[in-house]
Q: 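Dropping a structure here in structure tokens format, bear with me for questions.
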2 protein chains.
Amino acid sequence: MNLKQLSQKLGLSQTTVSRALNGYPEVNEATRLRVERAAAQYHYRPSTRAKGLATGKALAIGHVIPISSKHEMVNPIFGDFIAGAGETYARHGYEMILCTADDGQEEQVYRGLKARRAVDGVVVHGPRLDDSRIRLLHDIGLPFVVHGRSSGATLPYAWLDVNNRHAFQRATDFLLDLGHLRIGLINGMECMDFAHRRRDGYTIAMLARGVPVDPSIMRSSEMTEDFGYQSTRDMLALGDPPTALLCASLISALGARRAVEEAGLVMGRDVSIITHDDDLSYLKNGGDIPIFTATRSSVRAAGARLAEILLGGIADPDLPHQNVLLEAELMVGRSTGPAPRKD
Amino acid sequence: MNLKQLSQKLGLSQTTVSRALNGYPEVNEATRLRVERAAAQYHYRPSTRAKGLATGKALAIGHVIPISSKHEMVNPIFGDFIAGAGETYARHGYEMILCTADDGQEEQVYRGLKARRAVDGVVVHGPRLDDSRIRLLHDIGLPFVVHGRSSGATLPYAWLDVNNRHAFQRATDFLLDLGHLRIGLINGMECMDFAHRRRDGYTIAMLARGVPVDPSIMRSSEMTEDFGYQSTRDMLALGDPPTALLCASLISALGARRAVEEAGLVMGRDVSIITHDDDLSYLKNGGDIPIFTATRSSVRAAGARLAEILLGGIADPDLPHQNVLLEAELMVGRSTGPAPRKD
DNA sequence: TCGCTGTACCAAAGCGCTTTGGATTTTGCT
DNA sequence: AGCAAAATCCAAAGCGCTTTGGTACAGCGA
């Protein structure tokens, strides 16, 4: 069923039917009701493509998933983020379109999206330090919101981020308060902006207390379980091993715990662990009492909020760039305790 | 830059430019070359919407992500699956569009996709037993491929699945061969087809050896870390605890290991664990030697393969429904060993 | 030379919608 | 009653592409 057929069935012009359905004022209420009922009855829905063509909008938002061809790594938070954003898009009549982009060809993908007029805006995932995508999207005139931030970017841009620096600063302080002095950092890849900021927070807190920052207990890589395990095992084998660990993700924290237990140590007693927790639906941090003490911030909520920002910016391009900084909660779980006394 | 502008710049008609770009024969090779060069120079890309309107195709594939509003659970394999499929779509000039659908409104979402003519086909994720979506999509005439299968479906349909029954049968046999008799099952939700089949495989193997199937060591729920932990803890507290566990996912296996170790037992010695491993990029099963003995099958590869099948079916609707059954590998890791001798 | 067959190109219609610029009828007011 | 304004509705153009149904011209054999 298309507009023409529907309007013929109603004995009205396409104009009137279209206006009735789109809430324009110049149509009799009785007529509008009749139209709406008929539309529902025949399951009429305007074709997105035709509507898009006619209005000059794409009625779609693009998400470009960076996929490192080296590591073939897909960001595990992606599913939850999308779930949050998707609901918002649907409510506003937008489609969500996904593209994957290997390392080198990211620029191509964004340009293609723009040239094909496939989207009205995009979400930038996984920003790196001084991320080139910001300049690129600015230049080609494609509205965007960054999930995270990009230190070093000179242009103003819209973003939504968790206050990673503050979160890790608080977490480090929490451990310092418990008497820990050897605090290991198991970070994400520090070319990623969020990891860089977390490290900053960690360093700031350590230095503020005059505790030395020791590179030998700071690791940085993709946040896999195995990386958490290896890093922890290595660090525990040091002459002066850490009594506490700061992990960048629940997944690497699971690996860290494995190494701790494998070494015959008890988490929360011999080694304390704090992790960041993205509150992923498939990786809950325990039940009532969290397993891990964690800095928590829901990625899914972030997705929903970010989508609102993007759509708002598209609806009114003159609006100033929105910047939203979310604070993470510090949830105390069972993985932390006072630093073990040296005997 | 659009077709009209490009054709004016070239002093050709839109027809000729369009045909040149789409590889039709009735255009001079020299002209075609000139057109292609100009298109590249001006970054011309046909508008997907316009092209779709003109051809009557949507040039897009839909993925509907079921999101249980009860559990707010997003399938963790989703990111990797999408990554596999996305590359295939891009290569064929298709967009991938995502919708989220809460429990009740799935039918609405599919109908909407069809009515808006937003997609040429869809991928059905997470099929349940006798899944109603198969009938629905058949009825509304939307091409689809199921990732998994649906026991009880009477209509023929295209699917790509892992041989879950065989995989779990082999895994169970493997444990039985090691002398285990009390083998616990930590399954996914058994309304899901894959979980049902895995249970079947387990049961078949047990019965074939005359080993009793004991419901008290069989659990079924969403595959979270916590579920793996709780289930294992409970089972280990039984009078006659299992000496081996079969897990449905690496995530719940991590939870199972936690419970095993917390009980002061050693995985691979006191309790053997076999898990299914979807080979997710962010959750590798260890390094060189797998942590867990596992039935492995790459979800990402499945995504790529399934996308090919769907596009093939769309290109030639008369083709019979393709059915692909992938065998999982049984990878031996460090989590399994002979059944402990009773003293 | 004429007709005929390709080859290479083009004008215009059409995909399903929105929107512009009227046209017609009603209403409100004097 | 008479007339402007408001209320409703409509025909047709246009969004950017593909495709149908041509035309024009060169080349060829008779």
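Chain identifiers are assigned alphabetically (A, B, ...) following the order of the sequence lines, protein sequences preceding nucleic acid strands; residue numbering begins at 1 within each chain.
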Q: Please give, in whole Å, the distance from dG21(C) C1' to Arg19(A) CZ?
A: 10 Å
Q: Does anyone know the first and last nucleotide of DNA chain D in reach of chain A, 5' to 3', at under 4.0 angstrom to a heavy atom?
A: dT8(D) to dC17(D)
Q: For a quick check, tell me whether the side chain of Thr31(B) and the base of dA8(C) share a donor-acceptor pair closer than 3.5 Å.
A: no
Q: Hey, are Arg91(B) and Glu87(B) close enough for a salt bridge, meaning a charged N less than 4.0 Å from a carboxylate O?
A: yes
Q: Can you see whether Asp80(B) engages Ser281(B) through a side-chain donor-acceptor pair at a distance of less than 3.5 angstrom?
A: yes
Q: Can you measure Leu33(B) atom CG to dA8(C) atom C1' for me and round it to whole angstrom units?
A: 16 Å
Q: Reading DNA chain D from 5' onward, which residue's closest nucleotide shows up sooner: Ser13(A) or Leu53(B)?
A: Ser13(A)
Q: Specify the residue among Ser18(B) and Thr55(A) whose closest nucleotide of DNA chain D lies further upstream toward the 5′ end.
A: Thr55(A)
Q: Got a salt bridge between Arg32(B) and Glu29(B), using NZ or NE/NH1/NH2 to carboxylate O under 4.0 Å?
A: yes
Q: In plain terms, say whether Arg49(A) and Glu95(B) are close enough for a salt bridge, that is, a side-chain N and a carboxylate O under 4.0 Å apart.
A: no
Q: Rounded to whole angstroms, how far apart are CD on Glu26(A) and P on dT25(C)?
A: 19 Å
Q: Reading DNA chain C from 5' onward, which residue's closest nucleotide shows up sooner: Val27(B) or Gln14(A)?
A: Val27(B)
Q: Among residues two or more places apart or on two chains, list those pairs meeting ring pair (Phe, Tyr, Trp, His ring centres under 6.0 Å) that have a residue in residues 99-134 of chain A.
A: His63(A)-His125(A), Phe78(A)-His125(A), Phe81(A)-His125(A)
Q: Expressed as a whole number of angstroms, how long is the span from Arg32(B):CZ to dC9(C):P?
A: 10 Å
Q: Are Thr15(B) and dC10(C) close enough that a side-chain N or O sits under 4.0 Å from OP1 or OP2?
A: no
Q: If you draw a 6.0 Å radius around CZ in Arg116(B), do more than 12 non-hydrogen atoms from other residues or ligands fall strictly inside?
A: yes
